[in-house]
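What follows is one structure encoded as structure tokens, with my remarks underneath.
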Amino acid sequence: MPDRAPQPVDRIAPTDEARDLFALVRELARREIAPTAADEEEAGRFPREVFTLLSRSGLLALPYDSAYGGGDQPYEVYLQVLEELAAVRLTVGLGASVHTLACHALAGFGTERQRTELLPAMLGGGLLGAYCLSEPAAGSDAASLRTKAVRDGDDWVLTGTKAWITHGGIADFYTVLARSGGPGARGITAYLVPGDAPGLSAAVPERKMGMKGSPTAQVHFDGVRVPDSRRLGDQGQGFTIALAALDSGRLGIAACAIGVAQAALDGAVEHATARRQFGRPVADFQGLRFLLADMATQIAAGRALYLAAARLRDAGLPFAKEAAMAKLMCTDTAMKVTTDAVQVLGGYGYTADFPVERYMREAKVLQIVEGTNQIQRMVIARHLAGPESR
């Protein structure tokens with residue numbers, strides 16, 4: 001056993017309720033997620049029963065209004081819950097973030113009737129959501145999406161293909177951005193589509209280097225009829241809705257990244273204090289001690305940045321630049337820290353017998369999803385220096 005086992009993150013909770021929530025999530029993750037995480041990831045198994053438990057426990061509804069079944073928690077608290085979940089299994093933490101993203105358009109832009117009728121089931125009824133923005137030819141350039149929405153009486157008919165969809169093929173509902181008008185951002189509208197809608201299907205999930213338990217698939221819309229009552233926001237408002245959701249979603253990715261990095265650091269510390277070479281723990285050697293110190297400092301800085309952005313959001317202040325900064329820094333930190341953790345473990349770190357190799361594979365995707373880190377740099381630069389010259 002190591003002389004000094006890793007300790008839980010000492011979180012500053014804004015309320016006693018939040019402190020109890022962190023303890024509940026930590027215990028739930030330890031009991032219900034951790035024991036099978038490695039084996040299920042290796043087997044590519046999605047833990048639907050875990051998401052059902054999270055939903056029934058109110059953990060998929062935390063940042064939303066209690067009037068619709070939400071948890072009334074600030075983003076500062078919600079993001080730290082995501083971090084705790086991702087530290088145990090990224091498939092769960094990121095899945096919870098994606099579900100929250102899928103509910104964002106309805107909660108923020110839906111009518112009162114839509115929210116009252118639909119949101120409670122989405123937040124706490126055991127349902128799982130997905131978010132459909134990217135397409136095979138429209139990833140970073142999301143405003144060029146081609147999925148069509150054509151008005152037909154009281155319905156809209158959706159035709160096209162979405163790509164890189166987390167929960168594609170298993171989601172109970174999809175928030176879909178489709179082109180209802182002319183080219184560019186102003187021709188896009190948002191829709192809430194049931195997962196069992198006729199004409200909706202999913203391709204075989206992608207074969208990924210990490211997060212094998214989380215299905216990522218193309219989703220096809222072949223004449224899917226959606227009643228106008230499931231249009232979210234005004235016609236042509238979809239791209240604005242999408243950007244608002246992504247600003248918040250990037251904070252979710254940042255929190256998940258710090259969770260993965262923290263798990264890697266914990267594993268590295270545990271190994272370094274237990275492993276002995278030359279008659280003493282390898283943690284005694286200065287080169288390794290400095291490496292652990294740098295890892296811990298980078299994690300603390302990333303956590304502070306995403307929480308600062310969350311507090312801006314909670315205060316109703318602009319936070320898009322800070323969200324992009326947090327997503328950029330936290331995901332780059334996760335990649336660096338997990339790589340260093342593999343180095344700390346040496347040959348053991350390169351084997352599947354220890355989880356740090358999985359953390360390293362998983363960290364890479366976080367630099368890509370919900371806007372690549374190159375896109376984040378563009379967003380930050382636009383806030384600093386204005387739009388690029390054309």
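Note that these values count all heavy atoms, side chains included, but never hydrogens, waters or copies made by symmetry. Owing to the predicted nature of the structure, the values given are computational and were not obtained by experimental measurement.
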State, yes or no, whether a side-chain contact exists between Arg231 and Thr111 at a heavy-atom distance under 4.5 Å.
no
Quick check: does any side chain N or O of Lys208 sit under 3.5 Å from a backbone N or O of Ser214, one acting as donor and the other as acceptor?
yes
Pairwise side-chain contact, Tyr306 with Glu83, heavy-atom cut-off 4.5 Å (strictly under):
yes
Quick one: are Leu177 and Thr147 in side-chain contact, heavy atoms under 4.5 Å?
no
Would you sort out whether Asp332 and Lys336 count as a side-chain contact (heavy atoms from CB on, under 4.5 Å), showing the intermediate values?
CA-CA 6 Å; Asp332 280 354; Lys336 176 76 165 60; over 6 Å; no
So, do Pro227 and Asp154 sit near enough that their side-chain heavy atoms are less than 4.5 Å apart?
no
After noting the C-alpha distance and the side-chain angles of Tyr78 and Leu251, does the key distance pass the side-chain contact (heavy atoms from CB on, under 4.5 Å) rule?
CA-CA 10 Å; Tyr78 156 69; Leu251 292 181; over 6 Å; no
Check the pair His104 / Tyr64 against ring pair (Phe, Tyr, Trp, His ring centres under 6.0 Å), numbers first and verdict last.
CA-CA 9 Å; His104 185 277; Tyr64 290 116; 7.3 Å; no
Heavy-atom closest pair, residues Asp314 and Tyr75:
OD1-N, 2.7 Å
Any side-chain to backbone donor/acceptor pair from Gln237 onto Asp234? Under 3.5 Å, distance only.
yes
Kindly check if the number of other-residue, nucleotide or ligand heavy atoms within 6.0 Å of CZ (Arg56) is above 12?
no
For His220 and Thr161, which I'm curious about, is there any donor-acceptor pair between the side chains at under 3.5 Å?
yes
Looking at Arg225 and Asp152, does any basic side-chain N land under 4.0 Å from a carboxylate oxygen?
yes
I'd like to know if Arg382 and Glu388 make a salt bridge, using a cut-off of under 4.0 Å between side-chain N and carboxylate O.
yes
Between Arg311 and Glu76, does at least one N-O distance fall below 4.0 Å, as a salt bridge requires?
yes
Looking at side-chain heavy atoms only, is the closest gap between Pro136 and Gln218 below 4.5 Å?
yes
Are the side chains of Asn373 and Ile368 in touch, meaning some heavy atoms are under 4.5 Å apart?
no
Could you tell me whether Lys162 and Glu135 have a side-chain N and a carboxylate O separated by less than 4.0 Å?
yes
Arg11 bridged to Glu84 by N-O distance under 4.0 Å
yes
Which class fits the ring pair Phe51 and Phe46: parallel under 30°, tilted 30 to 60°, perpendicular over 60°?
parallel
Check: Arg113 main-chain N/O paired with Thr116 side-chain donor or acceptor under 3.5 Å:
no
Which pair of non-hydrogen atoms, one from Gly129 and one from His167, has the smallest distance, and what is that distance?
O-ND1, 2.9 Å
Answer yes or no: is there a side-chain heavy-atom contact under 4.5 Å between Leu366 and Leu94?
yes
Test log, rule side-chain contact (heavy atoms from CB on, under 4.5 Å), inputs Val193 and Phe173
CA-CA 6 Å; Val193 183; Phe173 63 90; over 6 Å; no
Side-chain heavy atoms of Pro47 within contact of Arg89, under 4.5 Å:
yes
Under 3.5 Å donor-acceptor, Arg377 side chain and Ile380 backbone
no
Are the side chain of Thr175 and the backbone N or O of Ala102 linked by a donor-acceptor pair below 3.5 Å?
yes
Check Arg313 with Glu322, please: is the shortest side-chain N to carboxylate O separation under 4.0 Å?
no
Taking Arg48 first and then Asp172, would you say they form a salt bridge - that is, a charged N and a carboxylate O separated by under 4.0 Å?
yes
Taking Glu370's backbone N and O only, do any of them form a donor-acceptor pair with Lys327's side chain (distance below 3.5 Å, no angle check)?
no
Assess the residue pair Glu41 and Arg358 against the criterion (salt bridge (Lys or Arg N to Asp or Glu O under 4.0 Å)); give the C-alpha distance rounded to whole Å, side-chain angles, the decisive distance to 0.1 Å, and a yes or no.
CA-CA 9 Å; Glu41 281 299 320; Arg358 171 164 63 90; 5.6 Å; no
